[in-house]
> 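Structure in structure tokens, see below.
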Amino acid sequence: MDNIGRRTFVRGATAGALAFTVGGVEVLLLPSEARAQKVPLKILSADEALRLEAVSETLVPGARDAGIAHFIDQQCSVPPHEALLGIRINNARPPFVNFYRAALNAIDTACQAQHGKPFAQLTAQEQTAFIGTMRVGKHPDWKGPPPQGAIYGAFRADAVDVVYGTVEGFEKLGVPYMALVAPKARW
Amino acid sequence: MATQEKVDVAIVGAGPSGAIFADVLARAGKKVVVLEFGPDWDYKQFVSSEIWGRRIKHAPPFQSTGRNPSGHGSNAGWGTGGAMIHFFANWPRMAPVDFKVKSQYGKGLDWPISYDDLLPWFDRAADDIGVSGNAQAERRWYPVGKDYPMPPLKSFKQGDIFNEAFAKHGYPLAPMPVAINSTEYKGRPACVNCGWCHVGCASGAHGTPLVSHLRDARARGAQVRPFSYVTRVLTNQSGDRVTGVEYYDAKREQHVQPAGVVVLAAYAAETPRIMFNSATDRHPKGLANKNELVGKYLMCHTAANVWALFDEDVQNYMGTQANQFMSYEHYDNKTRPSKGFGSIFLRTGAAMKPNVGLASARPDLFGAPLADFMKRAARGLTRIGIFGEQMPLLENRVELASDKDEFGLPIARITHSYDADAIGSWEYGREEAFAIAKAANPKEVWRGGGPGTAHLIGGTIMGTDASNSVTNSYGQTHELANLYIAGAGLFPTEGSVNPTNTIMAVTLRGAEHMAKNFSTIAS
């Protein structure tokens, strides 16, 4: 630990802030703050946001409050080459929102076929079982693309980003962030 | 379409290979232009975040297919510095045996040069980029020229915890040579072990083209044009010389850049694609492709991890993404009964952040079990990484897809599958690592999935002549004397180690050869 004093710690900093528009003014907010302040979504509909939150919360507890819907919405609204979504480096073609919409539709189509209702209306137990089957690509009535495993991986990675990939996330895990350049700037 | 003033050398790609050619040729007094499809980075602006770090990764659109599709998009770099600005900075070298695989084992291919031909260039690369390591500890496995410029990096418990188990299992360790400063070097600071190497190092301790060759090339007058998307290499009417390149700028305006020599350093997928898209009636199959070898013999390293979870704090949140230790023991034993063919390379002791490290260790977990695992892993998780070698196979290739890019040109389709030899080596390496990890007495130990596809190598291989290769040992194409290729695409075999050190040695050798013979090559 002899180098520890040389590091810059940013505990409590607004690391991970994104540019959101509030009252016509662009401000830097964490996705969780944007959600708490009910910042209007730019791309996703309110219904899509709820569906995305339901899936993401099942994958990574805390994703809803961490602002997963605002994170995805904001990242889908920026020019594609500026997007920081995992699917960008996994060779998805823009517009990236198409991936999320197709994924949510495929999930709900399969849920309707199996349970007669969309994913967000399933019990927590049913949601967990559904995701478990999706992870291994075993839903028999899947109407992709995207394939089941790709959705599991992409949605899970996004949710890990907002829950654990920030200074607050590191604090939850009890480990120091140790930023050289704190992620305050506009992403 | 605007035609630019003619330059001596037009280089496509500002990654490590393009940067070296730019530096060496600019140093030789040549007028150099580097065309880079991504932005121009200032390393001081890199943000310590795995989310932000995706900004520096990207590849032009491509298709990936085969039984083991290449994850090219996460390997590639976007912008000046190329993939090296997010590489983990591991700096091992291909071993002597890797250059004569066909002669020695009757499989794969031979290089047209030997390890000894590259030895002085390994030294030069280490001096240029700044490498920390212990050359003496490596000399048990292969000749190392000079000692490294800096001593090894500090080690942490995530790596130290395996030392005894490796030794007991017959794999003595040596410090991994890394392109990271353990001390101040050439005005760049020592590493502070923050672990954010893979998202772009903002201190300059991480050896990249931005703090070495590209910086020096600019200082010597080379011009770098970011957001320049090269579509074709142009040839003269008789088809025996290249005359420059065609590209689009950030405003999507088309330009022609005339040049005496063109160097394609656009990585192993995009370089063949540009060559195919440059087809003319004189080169109907693409440039330098009369033998139909452009795009062929593509390779990846089989990638595997064995994970170990300890109750104690193994300091995994600090250190570097580069590994602390490696072992080449048994590396020369490419043949083993019933367990594939090819070298394996074991390494351990790297920092982990939540997404690339912790969450990826148990991709099967979600919900409450994932949350529980993340808390336990945050201080207790470590791993042993294994790369395995794949032999060059004709069927693993880059070709043109039917899909088009925004300018109407076909994108690259990468077809990649591992054969039984590669799968066998991957399984063997993983089992060796599992036995070692278990011997360190962790609370839990498990094998990661895979085989993953690390790195992208081959596709425009070097050889003795046009009957077996696209270029000579300097990267000069057999068909067009003033068209060069640089980078991992030149490798006829890949060994099982991270390729960047060998890429730099091969590139330095090729660039210096071009500089010395420029008047002949460009005339």
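Model, not experiment: these values are computed from the prediction.
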> Using a 4.5 angstrom heavy-atom cutoff, name the option from Arg379(B), Lys353(B), Arg376(B) with the most pairs to chain A.
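Counting heavy-atom pairs under 4.5 Å, the top option is Arg379(B).
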> If you count the non-hydrogen atoms of other residues, nucleotides and ligands that lie under 6.0 Å from NZ in Lys172(A), is the total more than 12?
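Yes.
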> Could you state the interatomic distance from NE2 (His72(B)) to CG (Asn91(A)), rounded to the nearest 0.5 Å?
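If we round to the nearest 0.5 Å, His72(B):NE2 and Asn91(A):CG are 8.5 Å apart.
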> So does Glu82(A) get a backbone contact from the side chain of Arg55(B), meaning a donor-acceptor N/O pair under 3.5 Å?
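Yes.
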> Say you draw a straight line from CG of Leu370(B) to CG of Leu59(A); how long is it, rounded to the nearest 0.5 Å?
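Reported value, rounded in 0.5 Å steps: 8.5 Å.
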> What's the shortest heavy-atom distance between Arg156(A) and Arg362(B), and which atoms?
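Heavy atoms of Arg156(A) and Arg362(B) come nearest at NH2-O, 2.8 Å.
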> Return the CD1 to CG distance between Ile51(B) and Leu84(A), rounded to the nearest 0.5 Å.
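Going from CD1 on Ile51(B) over to CG on Leu84(A), the span is 8.0 Å.
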> Is it true that a side-chain atom of Trp78(B) and a backbone atom of His81(A) form a donor plus acceptor pair closer than 3.5 Å?
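Looks like no, no N/O pair under 3.5 Å.
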> Most heavy-atom pairs under 4.5 angstrom with chain A, which of Pro354(B), Ala76(B), Ser360(B)?
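Sorted descending by pairs with chain A, the first entry is Pro354(B).
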> Name the orientation class of the two ring planes belonging to Tyr152(A) and Phe366(B) (parallel below 30°, tilted from 30 to 60°, perpendicular beyond 60°).
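Ring orientation, 0 to 90° scale: perpendicular.
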> Between chain B and each of Ile131(A), Val60(A), Asn90(A), count heavy-atom pairs under 4.5 Å; write down the option with the most.
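Most pairs with chain B among the choices: Ile131(A).
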> Quick check for you: to the nearest 0.5 Å, what is the distance between Arg54(B) atom CZ and Ile89(A) atom CD1?
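Arg54(B) CZ to Ile89(A) CD1: 6.0 Å, rounded to 0.5 Å.
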> Any donor-acceptor pair under 3.5 Å linking the side chain of Arg135(A) with the backbone of Leu365(B)?
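Side chain of Arg135(A) to backbone of Leu365(B), a donor-acceptor pair under 3.5 Å: no, none is there.
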> Among Thr58(A), Val162(A), Val163(A), which has the most heavy-atom pairs under 4.5 Å with chain B?
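Most pairs with chain B among the choices: Thr58(A).
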> How long is the gap from OH on Tyr164(A) to NZ on Lys375(B), to the nearest 0.5 Å?
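One gets 7.0 Å once the value is rounded to the nearest 0.5 Å.
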> Does atom CD (Gln125(A)) have a neighbourhood of more than 12 heavy atoms from anything else shown, all under 6.0 Å?
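Count not over threshold, so no.
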> Under 3.5 Å, side chain of Tyr317(B) to main-chain N/O of Phe170(A), donor-acceptor pair present?
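No, because the side chain of Tyr317(B) does not come within donor-acceptor range (under 3.5 Å) of the backbone of Phe170(A).
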